[in-house]
Amino acid sequence: MSGKAVHSIDPEWIKKELNEPQSQAVTATEGPVLVLAGAGSGKTRVLTYRIAYLLACGLASPAEILAMTFTNKAAAEMRERVTRLAPNMMTGLWIGTFHSLFARLLRREGECIGYDRNFSIYDEYDQNTLVKQIIEDLKLDTMDVPTSGALHRISDAKNNLVSPQDYLNNAQHPIEEFVAKVYKEYQIRLRNMNAMDFDDLLLNPIELFERFPLVREFYQDKFHYILVDEYQDTNRAQYVMLKYLAQKHKNICVVGDDDQSIYRWRGAEIRNILDFEKDYATCSKFRLEQNYRSTQNILSAAHSVITNNRQRHAKKLWTEGPVGEPVMVLEVYDDLEEARTIVDKISYEFRRVERNFHDFAILYRTNAQSRVLEEALRTEGIPYIIVGGVKFYERKEVKDVLGYLKVLVNPADAISLRRIINFPARGIGEASLAKLDGYARHKKIMLSEALSHVGSMADLPKRISERVLAFSAMMNKYRSLMSKFSPFEIASAIVEENGILRMLKEENTIESISRAENVRELLSAIADFANSVGPEATLEDFLEHVSLSTDIDKWDDKANAVTLMTLHSAKGLEFPVVYITGLEEGLFPLSRSLSDMMALEEERRLFYVGATRSKDMLYLSWARYRRRYGERLESVKSRFLKELDPEFVRIDNLARPYYGKHATTDEQSYQDTMPDYEDESQERLEFRPGVRVRHPMFGKGTVIQIDAAGSNVKLLVLFDTAGRKRLVLPYAKLEIL
DNA sequence: AGTGCATATCTTTTT
DNA sequence: GATATGCACT
């Protein structure tokens, strides 16, 4: 089908590839369209075919279509699949995330509202730094509100389109007055620093459209057809922007599933999808309820839980697929055993069944849970990938190097400047910085500009002013080199000139070595970026890519490894075998949601999202005891497990798998039989699971299993490139690495 | 100014 | 258990 020119795409053929409701949703091109698409019902298929259909029928040119998603991964997938259906029709097509498309809009048009096109995008860490500075500078009484709390309230306000002035006017409580003051100053400073936070990327387009009708009309004219993925996760600002964008042509197609709305805490309004029919009175509605992913048992089990939610469109997924195995509930003693049980099962299935490691996903509610699982996988020698957690671009050393690049691109970015002016240490401390800052403020110039005026500042010791000048000169030098050298060359030169790698190497600790690794990885990420985008890729492009990318985007679904990630990250993905861990009250559902009905329903939706990721097998585990905050706590089985319809479930009680003979419910006996994990040193076998080996033919690999049953010791080894091999030890010329 | 140690304070989830 | 902050010391 691919490879042919677009003219050969027959609209009738497109329809043949789809089931009835999918086909209707694709061909209902005119007017507002609501597609309620259950998990695994072919949502992406509808979106991509719809775009292809619009192009094939000549209803729109690529430049007239706008398709928005939430994650880069979803955008990339959509782009790829449309390319396959309609090759050579991609130029000018706007497919991307809300944040990246709006950033593009703002880089083009932001000058009207006072932004330079090189504005910085601040992440949570930068936001925190800024708020702290504000509180210090304004000498505010924080009323014990942590900066993160103030920030959260500010973000809430912004998501709901509440301006600083509105916020102040509505302030009832001294805490709110405090937040109002911070909020106001926060917005002022962001603008002075030519910087936006994530919320601004959605809000500033609204300001742009409201203040500049000509700009608004240009884009209203431009986009004849608008498609929105995951509509249930849109917030107020996104809702308003979509309304503006669709106002002229009114061809807006939104796809979503209210049961999969899991971002309320970030301002998502489930009401947007529940009320779409009211907002767009003439809309047509289509339901996609046939599931192509999971077994009947999985669907029924997931359904039995989600129906406990009150806020939802009634619907029920069905499948023509097999009934499948029952959903397995694993009851285990503690978190260590949970990890061990799961690893055992994976290892078993890997050996007995035709499965590879990438068929498995282990999901959890909080990132902190990954540690134990990781360790268990490591001791068993099973390759794994962790998605999320401490993100690469948020690591200190990486942010430090990025800080240089950000200041080069956007000299007004005082947050990044402060970060690097004394990194590596060049003797410009807090006190000197405060003086420089005061000077800049007084003269109403940028901090970076004040650096070169340092000679005229009487109260700065000469030694220090010399250092400041040297730093300033260095930055100016690189700024002038930016047009002549590639981003990679610039970044490498900066790392070299400032001795960043050298410094980390000299420190020579495990920690500093891995930091040096990360710096090198950053440099190669810059090179990779240039390779994939093309030689015209600028530093600005790279920085935007960094700001808007997440770890899930880099997740490689082809790698032969078990995937570990949070339930949130798993949305939109699928795996043959899924483990959902930590099903305990207070953990999943998380404690903060227990008293809040709306939050609890969101947790339940999260459970539903997790469960519907699985194609063949779903395991749900809970542990009687779990280490949290560093201490061992007794847990209570999650209500979600109780809500499961027992008809589709089998319970496996493994609470004491190794001590089953002395089954009692007495807590003391648990203590007695508690395995002593600390002391479990493996016998010093040369070959044991996890050991890396080299084979003359197959290359490098990892030992998975040892079978010493017969006279010859047999090994099961997973080679990095040659796959899985069974080897007889005396004959295989294996070398331990 | 910069370092190191003790203490506190937590932990959702992410574009 | 991990990170951030504060304080004392060099």
Side-chain angles (χ1 to χ4, degrees), chain A residues 68-75 96-103 121-125 127-129 132 144 146-149 152 155 158-159 196-203 229-230 233-235 237-238 261-268 335 363-372 375 387-391 393-396 422-433 461 463-464 467 507 511 544-553 565-572 582 586-594 596 599 602-603 605-607 609-610 626-632:
Chain A
M68 312 232 243
T69 67
F70 273 84
T71 65
N72 295 300
K73 193 164 175 52
T97 64
F98 278 94
H99 289 84
S100 69
L101 293 177
F102 286 169
I121 298 172
Y122 280 178
D123 65 13
E124 203 179 320
Y125 193 92
Q127 297 180 55
N128 252 302
T129 314
K132 267 182 217 155
D144 279 334
T147 51
S148 61
H152 186 251
S155 177
K158 289 170 87 166
N159 282 326
M196 300 189 194
D197 63 17
F198 285 120
D199 299 324
D200 287 330
L201 291 175
L202 308 179
L203 282 176
D229 191 15
E230 310 274 22
D233 287 333
T234 51
N235 66 19
Q238 288 159 322
S261 163
I262 55 175
Y263 287 105
R264 191 184 81 108
W265 51 274
R266 211 171 72 191
D335 47 344
L363 310 181
Y364 35 78
R365 182 63 242 264
T366 65
N367 276 310
Q369 287 164 256
S370 69
R371 266 186 59 110
V372 203
E375 276 159 26
V387 177
V390 196
K391 285 164 226 69
Y393 291 121
E394 285 171 17
R395 286 162 206 241
K396 267 192 225 88
N422 206 26
F423 173 87
R426 33 175 92 79
I428 306 171
E430 243 350 279
S432 314
L433 244 171
R463 286 179 26 166
I464 291 179
R467 293 168 183 162
E507 209 179 302
E511 162 119 27
E544 171 151 328
H545 165 76
V546 166
S547 301
L548 299 180
S549 85
T550 62
D551 279 18
I552 185 81
D553 301 321
M565 64 172 112
T566 64
L567 288 138
H568 281 87
S569 302
K571 192 166 76 155
L587 184 59
F588 192 23
L590 204 59
S591 52
R592 281 169 67 162
S593 69
L594 296 179
D596 175 353
E602 176 141 310
E603 295 285 309
R605 291 192 292 269
L606 192 55
F607 175 84
V609 167
R626 182 172 297 275
R627 265 195 129 73
R628 271 184 98 184
Y629 310 99
E631 62 186 326
R632 199 182 204 79

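Each chain gets a letter, A, B and so on, in the order its sequence line appears, and its residues count up from 1.
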- For A/Arg371, which contact category applies under a 4.0 Å heavy-atom criterion: base, sugar-phosphate, or nothing? sugar-phosphate

- Item | Comparing A/Glu430 and A/Arg365 on DNA chain B - which has the more 5′ nearest nucleotide | A/Glu430

- Grab the CG-C1' distance between A/Leu567 and B/dT12 for me, whole Å please. 11 Å

- Note on the structure: For A/Leu567 and A/Phe588, the nearest pair of non-hydrogen atoms, with its separation, is CD1-CE2, 3.5 Å

- Rounded P spacing from B/dT13 to C/dA4 in Å: 15 Å

- For B/dT14, does either OP1 or OP2 sit under 4.0 Å from a side-chain N or O belonging to A/Thr566? yes

- Query: Roughly, in whole Å, what's the span from CZ in A/Phe423 to P in B/dT3?
  - Reply: 12 Å

- Look at the side-chain N and O atoms of A/Asn367 and state whether any lies under 4.0 Å from the OP1 or OP2 oxygen of B/dT12. no

- Item | Residue A/Ala368, side-chain heavy atoms: nucleotide from B/dT14, B/dT11, B/dT12 that is nearest | B/dT11

- Sole candidate of A/Asp199, A/Asp200, A/Asn235 that passes side-chain hydrogen bond (donor to acceptor under 3.5 Å, both in side chains) when paired with A/Lys158: A/Asp200

- Item | Aromatic ring of A/Trp265 stacked on base six-ring of B/dT13, 5.5 Å, 30° | yes

- In whole angstroms, the gap separating P of B/dT12 from CG of A/Leu363 amounts to 19 Å

- Note on the structure: From CD of A/Glu124 across to C1' of B/dT11 the rounded distance in Å is 12 Å

- Message: Which is more 5' along DNA chain B, the nucleotide nearest A/Asp199 or the one nearest A/Ala431? Just name the residue.
- Response: A/Ala431

- Message: When you measure from the side-chain N and O atoms of A/Ser432 to the phosphate of B/dA1, is any distance below 4.0 Å, counting only OP1 and OP2?
- Response: yes

- Message: For a quick check of understanding: with a heavy-atom distance under 4.0 Å over all strands, which category does A/Asn422 fall into, base, sugar-phosphate or nothing?
- Response: sugar-phosphate

- Query: Touch check for A/Phe98, heavy atoms < 4.0 angstrom, all strands: base, sugar-phosphate only, or nothing?
  - Reply: nothing

- Is A/Ser569 near enough to B/dT14 that one of its side-chain N or O atoms lies under 4.0 angstrom from OP1 or OP2? yes

- Query: Hey, are the side chains of A/Leu202 and A/Phe102 touching, using non-hydrogen atoms and a 4.5 Å cut-off?
  - Reply: yes

- Task: Select base, sugar-phosphate, or nothing to describe what A/Lys571 touches, counting heavy atoms under 4.0 Å on all strands.
- Result: nothing

- Value in whole Å for how far the P atom of B/dT14 lies from CE of A/Met565: 11 Å

- Task: Quickly work out the A/Leu590 CG to B/dT12 P distance and round it to whole Å.
- Result: 7 Å

- Query: CD1 of A/Ile262 versus P of B/dT13: gap in Å, rounded?
  - Reply: 13 Å

- Message: What's the separation between atom CG in A/Asp229 and atom OG1 in A/Thr71, rounded to the nearest 0.5 Å?
- Response: 7.5 Å

- Task: Report which part of the nucleic acid A/Phe198 touches: base, sugar-phosphate, or nothing (heavy-atom distance under 4.0 Å, all strands).
- Result: base

- Message: Donor-acceptor pair, distance only, cut-off 3.5 Å: does the side chain of A/His99 make one with the backbone of A/Leu201?
- Response: no

- Item | Presence of salt bridge, A/Arg264 and A/Asp596, under 4.0 angstrom | yes

- Using a heavy-atom cut-off of under 4.0 Å over every strand shown, decide if A/Ser549 touches base, sugar-phosphate, or nothing. nothing

- Residues passing the side-chain contact (heavy atoms from CB on, under 4.5 Å) test with A/Ser593, sequence neighbours excluded, are A/Pro589, A/Ala599, A/Leu600, A/Glu603

- Atom-to-atom span, CG of A/Asn128 to P of B/dT9 - whole angstrom: 16 Å

- Item | Any side-chain heavy-atom pair of A/Met68 and A/Gln238 under 4.5 Å | no

- Identify the 5'-most and 3'-most nucleotides of DNA chain C with at least one atom closer than 4.0 Å to a non-hydrogen atom of chain A. C/dG1 to C/dT5

